[in-house]
**Student:** 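Structure incoming, see below.
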Number of protein chains: 2
Amino acid sequence: MATTEQSKFPKVVIIGGGFGGIEVARKLANEPVEVLMLDKHNYHVFQPLLYQVATGSLESESIAFSIRKNFDDQKNFTFRIAEVTSINTDKNTIDTTIGEMAYDYLVVATGSTTNFFGNKDIEHYAMPMKSIPEALNLRYLILQNLEEAVLAKTHEEREEYLNFVLVGAGPTGVELAGALAELRNHVLTKDYPELTKDQMQVYLVDFLPKVLGPFSEESSAKAKDFLVKMGVKVELNVKVESYDGKIIKFADGREIRTKNVIWSAGVMGVVPEGISKDTIERGNRIRTNNICQINGLTNVFAIGDVAAMITDETPKGHPGVAQVAIQMGQNVGKNIASIINGKPTEPFKYNDKGSLATIGRNKAVADLGKIKFQGFFAWLIWMFVHLVSLLGFRNKVVVFVNWIMNYINYNGGTRLILRRFEREALPHEFDNMPKSDG
Amino acid sequence: MATTEQSKFPKVVIIGGGFGGIEVARKLANEPVEVLMLDKHNYHVFQPLLYQVATGSLESESIAFSIRKNFDDQKNFTFRIAEVTSINTDKNTIDTTIGEMAYDYLVVATGSTTNFFGNKDIEHYAMPMKSIPEALNLRYLILQNLEEAVLAKTHEEREEYLNFVLVGAGPTGVELAGALAELRNHVLTKDYPELTKDQMQVYLVDFLPKVLGPFSEESSAKAKDFLVKMGVKVELNVKVESYDGKIIKFADGREIRTKNVIWSAGVMGVVPEGISKDTIERGNRIRTNNICQINGLTNVFAIGDVAAMITDETPKGHPGVAQVAIQMGQNVGKNIASIINGKPTEPFKYNDKGSLATIGRNKAVADLGKIKFQGFFAWLIWMFVHLVSLLGFRNKVVVFVNWIMNYINYNGGTRLILRRFEREALPHEFDNMPKSDG
């Protein structure tokens, strides 16, 4: 640690500056604690809008927020860029890339990563989209392949560059499919007059029989309908067998020639070393009790995508969505304060505020409890909700301007190739993390 | 080429999509020609605002404009991403990374690159800032070094990370120095409460005895005054001897320990292979006559930073500024049309509209002919001029919003480390350029 002062306040270490970790820190703002947040990046990503970065509608900086800047008025908050290499619950310490640190309370809020289900080829050749570098990499791939398509001399060659196969018809896949369909329908021939609309195809495939699995039947059916009307080829009950970078093969024998496979078919928790394997649930999530404590421990919590709160009411845990992470973060923040102040804790109760997914530039589906909307009105709700929840006034305005422009003319957006797409896993951003013997 | 059709229209090939190349293409919009523009990037950069990207005040996409999108309503315009490997003036062809191409008229508008005056160490260790990847690399370096400074355990170690030495007190160096001083004065201790203002130092050094060499004495003196008041250490008549990544040494024996040396002390033209060496002027620029034709050729032109129009009135050519490139581009566009239509050409006459440079968030110096302004009013003029000249309505609004936010609260801006700074020359963006036997 950079300082060797002993503090008389209990030290709360939060691993991860995502939706959950941010809320824990905020709830402890006026409590007699020291808060240390660690993240491998110095920013928080507003993930629901990542797909817009990937398809060139938004600048990446619009959806990423400096963690330091966000907490610069919280006196008990400290931030360090670091990766946690191991958690030592017996000693109440963690090992990190900037040294060993002690904690009084630890919150594991490390989120989730793409699940390729063990298929190494797919992991190598398919594109995930769960971070800004990944979304940008995808954008550059798309734009470069459009340039290559222009130069292609045969139909087969061109086809490879212009077929886009999205695996996983959850909100991410659906929103990406809609955005790609917009690109095809409204931008492609303007920017690339050498190409025709029919030459580009967008496929959305899923193992399950419906798009937007967790949504209502009504919203699910309407989303599929919107996509099909936009020209997306939606193929359900389809299992992907293999992908070698050129041809994706399905279990039923069919094949599609494509250099663009985007994988959003599964997630799994990011679990640091040192967490006992017998607490790991399906999807690589850490089992917790109803106040987010990791089994067997009283001062170590897990929240958000990496956690699985298995109870009678929630035998499979909670969905891996932002609202769950946010509410768990608030619950843990309040409970840690309660524990320190000798007050009783409160069990976590998820308040499902509903689900939203956008399809293209002016349609969405919304499940808000008993009320379900689809179409333009749902899109307005979607836009309002996202604007409100974005951190930071400046970014709200920039995102708003972008959306207005995009709406007014289909051609809004930023389709710039700012660096070459890299096939290999993105260079590890912090191979040589700042080191300290602190 | 992707098409083998013979066109009956003369073919104008423009190498470079910068300020000059864009104007040539625009002027030929309604002429009986085919225009082909080649650039190694698919975007045009508004270079005057690069320093704001480097210091985190602007998103990179705000100052980069998709070339395709910009010309999507010009029917005779085609764009390809390509690098020119050789010009064959005897055959009227060029060799490129996407094949050999013939031209009837060729415009070399390749611009300039950083001049390290042959010093290989400085080229390796110092940071240039003439492109978006370079500006972003600089941003990440600055932010990473601030994080390292927080972890540093000794004053010497911290000093290395927090000393910033800018070599070259032209507009680029001055504007960067002002922006870094703002970071130091208004943002540093908010984002990094572990550091104090005095720990960070910004040095601006130059070989010449004045800052902003080409500006008036009045503006030059006022710019220096503003910088000094902001805490920048301005050191003139100083020659840099060496830099090894840790210590920069000056000819007078002095040294500064620093990991941050930003080099904007010189530029040189980017000249493709095949241009006769005896036409190369000082600064690696191609000598042209007064209608921008390269000596000895009637159908090959050079404009902007890569050109040196040596005449009695302009014995050293013109300054390497955007207005020169823009006006030369317009001149060449008009003249090519005249030649084709059998009309007389017009000699180029530079209309010097004045010079502007900004210092910090609300001051600038402006030389507008006989009238010279300094201070806040000059800054308003600077902002207006830049907003107007930015291509593309959307980007004007985004940039404007950014500036307003930055002005209202010093803390506006985006200080995100989106990828690791890379010491080595940035990976070549298009090592494997799209290939075609076209």
Side-chain angles (χ1 to χ4, degrees), chain A residues 2-3 41-43 58-62 64-66 68-69 72-73 75 78 80-81 98 132-133 136 143-144 147-148 150-153 187 190-194 393-395 397-398 401-402 405 411-420 422 426-432 434-438, chain B residues 2-3 41-43 58-62 64-66 68-69 72-73 75 78 80-81 98 132-133 136 143-144 147-148 150-153 187 190-194 393-395 397-398 401-402 405 411-420 422 426-432 434-438:
Chain A
T3 169
H41 295 129
N42 73 339
Y43 58 88
L58 263 190
E59 294 93 359
S60 47
E61 289 97 329
S62 293
F65 309 94
S66 162
R68 283 183 178 279
K69 181 171 159 195
D72 64 12
D73 50 10
K75 296 266 176 294
T78 304
R80 292 285 183 274
I81 292 181
I98 56 172
I132 284 184
L136 289 175
L143 293 174
Q144 273 175 220
E147 289 288 335
E148 299 260 15
V150 162
L151 297 171
K153 294 187 304 299
V187 171
K190 291 197 76 176
D191 270 16
Y192 302 89
E194 306 88 345
F393 176 66
R394 178 183 155 279
N395 271 293
V397 177
V398 169
V401 164
N402 267 316
M405 296 313 301
N411 213 356
T414 160
R415 289 181 294 283
L416 313 170
I417 304 178
L418 290 177
R419 67 166 168 78
R420 178 162 184 71
E422 281 147 20
L426 290 160
H428 289 285
E429 296 223 349
F430 290 91
D431 276 347
N432 302 316
K435 295 208 192 326
S436 163
D437 295 336
Chain B
T3 169
H41 296 129
N42 73 340
Y43 58 87
L58 263 190
E59 293 94 1
S60 48
E61 290 96 330
S62 292
F65 309 94
S66 161
R68 283 183 178 277
K69 182 175 160 190
D72 65 14
D73 48 10
K75 295 267 177 296
T78 305
R80 292 287 182 270
I81 292 181
I98 58 173
I132 285 185
L136 289 176
L143 293 173
Q144 272 176 221
E147 289 288 334
E148 298 262 15
V150 161
L151 297 171
K153 294 189 304 301
V187 171
K190 292 196 77 177
D191 270 15
Y192 301 90
E194 306 88 345
F393 176 63
R394 178 182 156 280
N395 272 294
V397 177
V398 170
V401 164
N402 267 315
M405 296 312 303
N411 212 359
T414 160
R415 290 181 293 283
L416 313 170
I417 303 178
L418 290 177
R419 68 165 166 77
R420 179 162 184 71
E422 281 145 21
L426 291 159
H428 289 282
E429 296 222 349
F430 291 91
D431 276 347
N432 301 315
K435 297 212 192 327
S436 162
D437 297 336

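A, B, ... follow the sequence lines: proteins, then strands. Residue 1 opens every chain. Every value quoted in this text rests on a predicted model; they were computed, and no experiment measured them.
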**Student:** Looking only at non-hydrogen atoms, find the nearest pair between Arg68(A) and Asp191(B) and report the distance.
**Tutor:** NH1-O, 2.8 Å

**Student:** Which heavy atom in Lys190(A) sits nearest to a heavy atom in Asp72(B), and how many Å separate them?
**Tutor:** O-CB, 3.3 Å

**Student:** Are any non-hydrogen side-chain atoms of Ile81(B) and Gln144(A) less than 4.5 angstrom apart?
**Tutor:** no

